[in-house]
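A short write-up of the structure that comes next.
Note that the coordinates shown come from a computational prediction; the quantities given were computed from them, not determined experimentally. These values consider heavy atoms only, across backbone and side chains, with no hydrogens, waters or symmetry-generated copies. First the proteins, then the strands, lettered A, B, ... as listed; each starts at 1.
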Number of protein chains: 2
Amino acid sequence: MPRATAEAAAETARRLVEIAADLFAERGYAAVALDDVATAGGVTRGAVYHHYGSKKGLFRAVTAHLQQQVAATLVAAAGAADGPHDRLRAGSHAFLDAVTSPRTVRILLVDAPAVIGWQEWRALDADSSAVHLREALAEAGVAPELLDALTAQLSGAMNEAALWIVDRDGEPGAREAAHRALDVLLEAVTG
Amino acid sequence: MPRATAEAAAETARRLVEIAADLFAERGYAAVALDDVATAGGVTRGAVYHHYGSKKGLFRAVTAHLQQQVAATLVAAAGAADGPHDRLRAGSHAFLDAVTSPRTVRILLVDAPAVIGWQEWRALDADSSAVHLREALAEAGVAPELLDALTAQLSGAMNEAALWIVDRDGEPGAREAAHRALDVLLEAVTG
DNA sequence: CACTATACATACGCTGTGTATGTCAGGAGG
DNA sequence: CCTCCTGACATACACAGCGTATGTATAGTG
């Protein structure tokens, strides 16, 4: 049944991203065939190629979608805090909690750099999450010539912390330990 | 010419790893066909499958090989320093320099987690490099309940620092900035 | 000096991506 | 109300690349 209405088409595109996110998270990028996504979405691969151009294109859309969700949570938490020091902490801890779902972590932190390339991945991350970290660090008094380097390294620390937590899921206290360790690093930076 | 001597066979296996490391680093795992590796090594894909079983198996061998090299550099540098505080710093900075080659960084930090899986990747890293970081942190007086979490986060920070440096290759001062930022984090940990 | 296991080469099937082409309906213009 | 065009898919096909099964010749072994 070709040519649905414009809203139906948008809904199809949205649904495909959602389904793809689930499958990519469960099996990893390489093990997911586009036919799996299409079939689960009630369409054929033709529809996927129509909307996203390629398998990588679909994955890019999934990545952007998830990053946007994480960034929204982060921004909300940081906005609720006041004072530069507290905003940094609130935002960082919120990021860690937001990104710590098995679904998100596998796609955003494991597959994305390899699939879309590290440079593009970092650019996307910089636009959605890392900007806020950078800004918070600047406000907290980090020396300008160390700002970029520290943003990158703290970002890496938090990403690894997220993977570490997910890997220990079920182990009680793991999440708290990660948050406390993160506080050690953050306090170091803000002096 | 089938069946060379045992040393010749070992040499073939060694050569294939070397060639594969170059190709994987240049194009990334997915874009490298086993036939490229085999042809460059003067054999056919049959030889590759004989020695390494699968494409993933070959990649695993490449990963282990590179990690071993990095770890050797790290251990040497740490051994030359004395005092727990200094060993931590020396080892960390040596790690950053050792891992900061475009070849190493792409394979070990971008593709490896996605290809062989994050858990296996972390296990390999834990055995080669992270053990030493963990040990140094323990000696430097890090609280036992934060030891694993901090090891992971600092490891993530250093890995991201390496990618950050390689991404800015040519930009003078980038490497120094990364090292100074790393010092900020390390000093925080050791109090 | 057979004989076996090793170190490959050759041949083939199969999965999955991408692309080219077809098809049918919604909506804008007359 | 009819037409035409374009968007939203479906269908069909070519091709690359992985894995596996099978063949083959030699280096070691008894």
Side-chain angles (χ1 to χ4, degrees), chain A residues 1-63 107 111-112 114-117, chain B residues 1-63 107 111-112 114-117:
Chain A
M1 66 315 252
R3 188 61 202 251
T5 176
E7 299 93 52
E11 162 61 19
T12 298
R14 240 181 46 91
R15 184 163 24 104
L16 289 176
V17 166
E18 209 66 36
I19 291 169
D22 286 339
L23 292 178
F24 284 148
E26 281 173 30
R27 310 182 203 165
Y29 178 80
V32 173
L34 285 187
D35 192 48
D36 300 340
V37 179
T39 301
V43 292
T44 64
R45 293 189 310 126
V48 179
Y49 276 95
H50 174 70
H51 285 292
Y52 298 105
S54 69
K55 187 180 181 183
K56 207 181 287 190
L58 174 62
F59 184 83
R60 226 185 298 261
V62 169
T63 300
I107 294 174
D111 281 348
V115 173
I116 70 179
Chain B
M1 60 328 244
R3 188 59 204 250
T5 176
E7 298 93 54
E11 162 61 20
T12 298
R14 239 182 48 90
R15 185 164 21 106
L16 288 177
V17 166
E18 210 65 37
I19 292 169
D22 286 340
L23 292 178
F24 284 147
E26 281 173 30
R27 310 181 203 166
Y29 178 80
V32 173
L34 285 187
D35 193 48
D36 300 341
V37 179
T39 301
V43 291
T44 65
R45 292 190 310 127
V48 179
Y49 277 95
H50 174 71
H51 285 292
Y52 298 106
S54 69
K55 187 180 181 183
K56 207 180 288 189
L58 174 62
F59 185 83
R60 225 184 299 260
V62 170
T63 299
I107 294 175
D111 281 346
V115 173
I116 71 179

For atom [atom1] of [X] and atom [atom2] of [N], their distance in whole Å:
X       : N      : atom1 : atom2 : result
B/Leu34 : D/dA16 : CG    : C1'   : 13 Å
A/Tyr52 : C/dT17 : OH    : C1'   : 18 Å
A/Asp35 : D/dT11 : CG    : P     : 11 Å
A/Phe59 : C/dG18 : CZ    : P     : 14 Å
A/Lys56 : C/dG16 : NZ    : P     : 19 Å
A/Leu58 : C/dT17 : CG    : P     : 11 Å
B/Lys55 : D/dA16 : NZ    : P     : 15 Å

query = Is the backbone N or O of B/Arg60 less than 3.5 Å from a side-chain atom of B/Tyr52, with the two atoms forming a donor-acceptor pair by type?
reply = no
request  = To the nearest 0.5 Å, tell me how far B/Arg45 CZ sits from B/Leu58 CG.
outcome  = 12.5 Å
query = Do the rings of A/Phe24 and A/Tyr29 sit parallel, tilted or perpendicular, given the 30° and 60° boundaries?
reply = tilted
inquiry  = If you go through the side-chain atoms of A/Arg45, does one of them form a donor-acceptor pair with the base of C/dG18 closer than 3.5 Å?
reply    = yes
Among the nucleotides [options], which one has an atom lying closest to any side-chain atom of [X]?
X       : options                : answer
A/His50 : C/dA9, C/dT17, D/dC9   : D/dC9
A/Ala47 : C/dG18, D/dA10, D/dG7  : D/dA10
B/His51 : D/dC18, D/dC9, C/dC8   : C/dC8
A/Ala33 : D/dG17, D/dA8, C/dT17  : C/dT17
B/Thr44 : D/dC18, C/dT10, C/dT17 : C/dT10
B/Tyr49 : C/dC8, D/dA10, D/dT20  : D/dT20

salt_bridge(A/Glu11, A/Arg14) N-O dist < 4.0 Å = yes
query = Is A/Val48 touching bases, backbone alone, or none of the nucleic acid, heavy atoms closer than 4.0 Å?
reply = nothing
query = Is there a donor in the side chain of B/Thr12 and an acceptor in the side chain of B/Arg15, or the other way round, less than 3.5 Å apart?
reply = yes
ask   = Would one find a side-chain N or O of B/Thr12 under 4.0 angstrom from OP1 or OP2 of C/dC8?
value = yes
